[in-house]
Protein chains: 2
Amino acid sequence: MVTMKDVAQRAGVSIATVSFLLNDTKPVTAATRARIEQAMLDLGYRRNMVARALASRRTHIIAMAYPALEHRFGMSTSEFFTSAAEAARKDDYHLVLWPVGNDGVELRELLGQGLVDGVVLMEVQLDDPRIDVLQQAGTPFALIGRTTELEGLSHVDIDFDTTVEDAVRHLREHGHHELVLISGDLDDPRFHDYGPWVRTEEAYRRVVASYDLPIRIIPCSDTTQAGKAAAARVLTEYPEATAILVLNEYAALGVVAGLKHTGHDIPRDFSVLSLLTVPETAAMADPELTMMRTPGPELGQLGTQALLRQLEGDDPLPPQLVPAKLCPGATVAGPRAPRSKGGAGRRGARKARS
Amino acid sequence: MVTMKDVAQRAGVSIATVSFLLNDTKPVTAATRARIEQAMLDLGYRRNMVARALASRRTHIIAMAYPALEHRFGMSTSEFFTSAAEAARKDDYHLVLWPVGNDGVELRELLGQGLVDGVVLMEVQLDDPRIDVLQQAGTPFALIGRTTELEGLSHVDIDFDTTVEDAVRHLREHGHHELVLISGDLDDPRFHDYGPWVRTEEAYRRVVASYDLPIRIIPCSDTTQAGKAAAARVLTEYPEATAILVLNEYAALGVVAGLKHTGHDIPRDFSVLSLLTVPETAAMADPELTMMRTPGPELGQLGTQALLRQLEGDDPLPPQLVPAKLCPGATVAGPRAPRSKGGAGRRGARKARS
DNA sequence: ATTGTGCGGTAAACCGCTTAACTGAGGCGT
DNA sequence: ACGCCTCAGTTAAGCGGTTTACCGCACAAT
């Protein structure tokens, strides 16, 4: 392994000078700079991050702590991660994905080792035990998501209010009055406290109330299966509904499938609007989902930036809320003609198979 | 920060003794062991991994190098990663996901820093430049996937031959004679050399030939969109086909959607068998996909083990090939009754919309 | 001529841990 | 009683950088 010493020797300077040049922490004359750079080139020098980390107490590694067990790592998360990693690299940091449990014990383990300078926390719960762990350890961190209590916590998050407002407005503009939200399943202990679900549901209640519409919510977990079941519940419990908002993208796939399966046409019979969705998932539905596109790339980047600001001692980035933007697909249209009367029997419903 | 010195002091021993105890590298009497352990407890000592890494030249970190740009990080990959991470943790290693480019320059960067003890390489190409990089750097590595030339490379991979054999047999047992493979798009430069696609196609040619069936292959990239298009091509180019094997799981979703969209019933009119698929994706189709389940958990674990064996100097794990196992869904049934004659016109085809 | 003083550069003390070489106190065979 | 081995512990030399204190020098101000 070629070390700084080797470089210094070959360039005829002291190793401190090499270090100063490398870190740009003290000026170096053009002549010596050239000699050193040549020496580094000749020798193929690469600075050892471990030694640097030990001496400077900065590893230049930041971790994205992801609860791999509780939350599946799907395409949305993948977006967060890659954009965050890119942002980190631009500032000479490494972003690595670290699978940790939601309870914080593995996180504490990780922090104790002194391996990471900071943490980007994902899938934040409203009252997240991991935050205590981070604060106790004194490790800088940024949240993608928000807790209830966010005094002085640097965070970025989806602007759920705007997102839901825009979504509902879109449906209203298409003439819909009968809406249903297929929300998250807050009874599931894993998600009881899960920010996006709680906040979306809250926003929905608020927005719908402001339109003087009835609040109709069906809980549903984050799978296609569950989405199908939820679709069935819509048909029996709210047959008058003409438009369905779906919080989870995988559930949205199930909702579309479920409705089609029972002989309904999308968007003729029902409009479906998927709330937090990436294009890849939207494309998996037939017809392609109209969606509020999760601002994954923006948030990943902003989250990393917020953390790096702290690490570099710059003035902190103010908390930012980014709404999901409407991306028209083919699952939203005007409401079907109001039924004459009674049951859900409609043209097409005859073909129901299950 | 509480260091080993503090612990040693409090326990009244030298810091070397503490180190020996911690690493179990030299015997320590029960008495001193107890004193040291108590001291560590009292002080809340956590060993500093960075210092350890510098001194021992082992970071106990292994990287899973993932070409995040070229390959989307989907559910399958997520499976590989989490199972590999689990296996690593069991052996006191950390597995982190490192996004690197496919060309090897970022990988070289990473290795130069001395941050990782070894690398698990994913999405291996038949002739992968990253392997040269790893060998030059002298970094131990294991492949999930295979190159063409695999002299002495420790690797694990999918057993494509068995997988395809089992898949074709399954369809044959259901009475199908007219098969099509919707394969990968090897014309795409990003995938020209991509092992799974090349190997699956090869295996298919072989297997189908052994059954004396015609070789019918349609290239298709890894998206739902492309799957829909491929379905259309099947209808026009091979209208006699009754069963379709699909290499990529997202394409499989598109194939099902595309066929249904043009008024065909699955599995009545066409059987669809998705070759390398995870249950989550299979569930997104309606009806649920019959699939060959990607052995992600097994391979992630085996890959990590193979690498750790090298790192620990144990005798190497022999290369292992694991087939994908058949998981019946609802997209395979017997072939439709042979048409009387002519075109693809069938009951239901009237409903075609696009 | 004297005194700052700004600047490119050096020497050396760490950073927290590992590990090879060494020490010293029993235990044992003869 | 002597040497010899074993074994728990200790000493100290790194690992490859960073960083503080210091040094000599040229140039400007006094």
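Proteins get letters first, then strands, A, B, ... in listed order; numbering begins at 1 in each.
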How is B:Thr32 classified with respect to the nucleic acid when contacts are heavy atoms under 4.0 Å: base, sugar-phosphate, or nothing? sugar-phosphate
Residue list, side chain to side chain donor-acceptor pair (under 3.5 Å) with A:Ser56, at least two apart or on another chain: none
Round to the nearest Å and state the distance from B:Met4 atom CE to D:dT10 atom P. 12 Å
5' to 3' on DNA chain C, which nucleotides open and close the contacts with chain B (atom under 4.0 Å from a heavy atom)? C:dG16 to C:dA21
Validation row, ring centre A:Phe81 to ring centre B:Phe73 under 6.0 Å: no
Between CZ of A:Arg58 and C1' of D:dG17 the distance, given in whole Å, is 15 Å
Parallel, tilted or perpendicular: which fits the ring planes of B:His71 and B:Phe191, with parallel below 30° and perpendicular above 60°? perpendicular
For B:Ser154, the side chain to side chain donor-acceptor pair (under 3.5 Å) test, sequence neighbours excluded, returns B:Gln310
Tell me, which pairs form a salt bridge (charged side-chain N to carboxylate O under 4.0 Å, His left out) where one or both residues lie in residues 74-89 of chain A, sequence neighbours left out? A:Glu79-A:Arg293, A:Arg89-B:Glu106
Output yes when a side-chain donor or acceptor of A:Asp117 lies under 3.5 Å from a complementary backbone atom of A:Thr59, and no otherwise. yes
Looking at B:Thr29, I'd like to know whether one of its side-chain N or O atoms comes within less than 4.0 Å of OP1 or OP2 on D:dG9. yes
Measure the distance from CG on A:Leu22 to P on D:dG17 and round it to the nearest whole Å. 9 Å
Rounding to an integer number of Å, can you tell me how far A:Asn23 CG sits from D:dG17 C1'? 9 Å
Nearest-angstrom distance from the residue atom CZ of B:Arg52 to P of D:dG16: 18 Å
Atom pairs, protein N/O to nucleotides 11-15 of chain D N/O, distance under 3.5 Å:
unit_1: D:dC15; atom_1: O2; unit_2: B:Ala55; atom_2: N; d: 3.3

Just by distance, with hydrogens left out, do A:Arg47 and A:Asn23 show a side-chain donor and acceptor under 3.5 Å apart? yes
For the residue pair A:Tyr93 and A:His60, does the interplanar ring angle fall in the parallel (under 30°), tilted (30 to 60°) or perpendicular (over 60°) class? parallel
So what does B:Val13 hit on the nucleic acid, given a heavy-atom distance under 4.0 Å: a base, only sugar-phosphate, or nothing? sugar-phosphate
Those residues at least two apart in sequence (or on a different chain) that pass salt bridge (Lys or Arg N to Asp or Glu O under 4.0 Å) with B:Asp92 are B:Arg52
Per nearest nucleotide of DNA chain D, the residue lying toward the 5' end, A:Ala53 or B:Val28, is B:Val28
